[in-house]
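Okay, structure first, notes after.
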Amino acid sequence: MWGAMVRDERWMLALVCVCYLTVVYITSRGLIAAPRFRLLETRIRDCRTRAAVLAGTEPGDSGRAASLAALSSRLDELELGRTVVWRLVRGSWVVAIPLSKLAAAWRALHSAERRLLQLETPVERAASVESARLALLAAQRPGDADLAARLAAHPPESPQTQALLLAVTELLHQREDSEAEHEYEQQRIALWLALTGLGVLLLVGLALGHTTTMLLGALGGFLSPVIGAMRSQRHSSWGVLVLAPVGGALAATGGLLLIRMLADPQLGVLGEVFLENSWNAPDRPVAMATALLFGFSGNLFSRLALTATGQIATPPDPAQPQ
């Protein structure tokens with residue numbers, strides 16, 4: 001009977017890991033990448049509309065028509081998904097948008113938008129100059145105020161202003177791309193850690209058990225960002241939200257093991273109550289509450305790990321008998 005219970009707990013742990021893996025996948029593709037891709041689609045349609053309007057301003061200019069045709073072809077490639085994979089499996093409602101291709105698609109779109117600047121009418125160019133000037137003033141980075149003043153120093157139709165407008169627009173696009181790529185990189189790191197952590201949890205659960213400890217630690221890891229957001233209304237990144245339950249489960253398992261070591265009579269750092277309610281008895285209320293606390297507070301695990309490290313690294317007192 002005990003063996004059947006152990007097998008049931010391990011199957012339950014495996015099922016939980018598979019379900020959370022599905023949650024991670026849907027989060028990555030449907031909740032992180034999909035909104036960014038929808039914004040990309042909107043910007044592509046805006047560029048296509050601007051190109052169609054510009055095509056009718058000077059119909060006799062062959063060079064202008066060739067530039068607009070090349071630009072429309074590039075926008076077709078973006079919209080048809082040759083740069084960004086967009087697939088919606090309607091039977092299972094699973095979306096597939098890789099984060100790795102979104103950054104490249106945004107860079108291609110920004111390049112197309114800069115090409116449109118070179119084909120704008122004088123009225124549109126004046127509006128673009130003012131928009132770039134306001135964006136520089138709002139950014140408040142070193143040198144932005146000087147660039148904004150230089151944009152306003154000459155008429156919008158002058159060659160100096162046109163060249164400076166392209167340079168400023170490229171600078172703003174580079175900033176936007178760099179920030180987006182940094183955000184994607186942080187999300188990819190968090191997703192990789194979450195996937196690796198799920199594998200570690202599954203291996204530890206199959207080898208050592210402690211399914212209850214892991215589940216309570218995951219619950220604590222889930223509650224930590226939720227309560228933090230409710231109390232302070234602060235912004236929580238997707239990486240933290242995805243990684244928190246996995247990290248909480250691992251911290252709870254390792255924390256109970258550290259408590260058992262520090263409560264050992266040969267060390268005597270913690271009291272006897274922790275010796276009887278830790279690694280060897282994970283189903284007791286004190287042990288379960290401790291696992292929940294470890295999952296909720298990563299600082300608690302860090303402090304306990306530092307305490308254990310200090311106990312191991314402290315050299316023995318030669319005055320004490322061996």
Side-chain angles (χ1 to χ4, degrees), residues 1-28 31 187 189-230 236-264 269-270 273-309:
M1 180 178 179
W2 175 255
M5 291 178 60
V6 171
R7 286 193 298 271
D8 290 342
E9 287 187 356
R10 291 175 177 176
W11 275 110
M12 182 178 65
L13 178 62
L15 179 61
V16 170
C17 289
V18 171
C19 291
Y20 195 74
L21 181 62
T22 305
V23 171
V24 170
Y25 177 83
I26 295 176
T27 300
S28 170
L31 300 180
Q187 291 168 357
I189 291 174
L191 292 171
W192 180 86
L193 290 173
L195 294 177
T196 306
L198 286 174
V200 173
L201 282 176
L202 187 58
L203 292 177
V204 172
L206 293 176
L208 302 177
H210 287 269
T211 303
T212 303
T213 301
M214 293 180 182
L215 293 178
L216 288 172
L219 176 61
F222 172 76
L223 290 176
S224 179
V226 170
I227 294 178
M230 291 174 60
S236 296
S237 66
W238 278 112
V240 172
L241 295 177
V242 170
L243 189 58
V246 180
L250 292 173
T253 307
L256 285 188
L257 186 59
L258 289 178
I259 284 180
R260 175 60 183 84
M261 183 193 77
L262 294 175
D264 192 272
V269 177
L270 298 178
V273 62
F274 292 104
L275 179 65
E276 298 176 353
N277 295 274
S278 58
W279 184 260
N280 295 330
D283 294 329
R284 292 186 177 181
V286 174
M288 291 191 292
T290 305
L292 182 65
L293 289 177
F294 274 116
F296 184 83
S297 174
N299 292 331
L300 179 61
F301 178 81
S302 300
R303 293 176 182 177
L304 191 67
L306 290 175
T307 302
T309 302

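In this chain, numbering begins with 1 at the start of the sequence shown.
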So CE of M214 and CG of L202: to nearest 0.5 Å the spacing works out to 9.0 Å

The reported gap from OG1 in T290 to CZ in F294 (rounded to nearest 0.5 angstrom) is 7.0 Å

Sequence neighbours left out, cut at 3.5 Å: what donor-acceptor pairs do the side chains of residues 249-256 make with other protein atoms?
| from | atom 1 | to | atom 2 | distance (Å) |
| --- | --- | --- | --- | --- |
| T253 | OG1 | A249 | O | 3.0 |

Pair up each side-chain donor or acceptor in residues 192-201 with any protein partner under 3.5 Å, not counting sequence neighbours, and list the distances.
| from | atom 1 | to | atom 2 | distance (Å) |
| --- | --- | --- | --- | --- |
| T196 | OG1 | W192 | O | 2.9 |

For residues 13-20, tabulate all N or O donor-acceptor pairs below 3.5 Å that involve a side-chain atom, not counting sequence neighbours.
| from | atom 1 | to | atom 2 | distance (Å) |
| --- | --- | --- | --- | --- |
| Y20 | OH | V242 | O | 2.5 |

Applied to residues 209-224, the salt bridge (charged side-chain N to carboxylate O under 4.0 Å, His left out) test, sequence neighbours excluded, yields none

Taken in chain and number order and not counting sequence neighbours, the residues that satisfy side-chain contact (heavy atoms from CB on, under 4.5 Å) with R284 are E276, N277, A281

Sorted by chain and number, sequence neighbours left out, side-chain contact (heavy atoms from CB on, under 4.5 Å) with L293 holds for L300

Problem set entry | Beyond-backbone contact of L292 with F296, side-chain heavy atoms, under 4.5 angstrom | no

For G221 and A244, the nearest pair of non-hydrogen atoms, with its separation, is O-CB, 3.1 Å

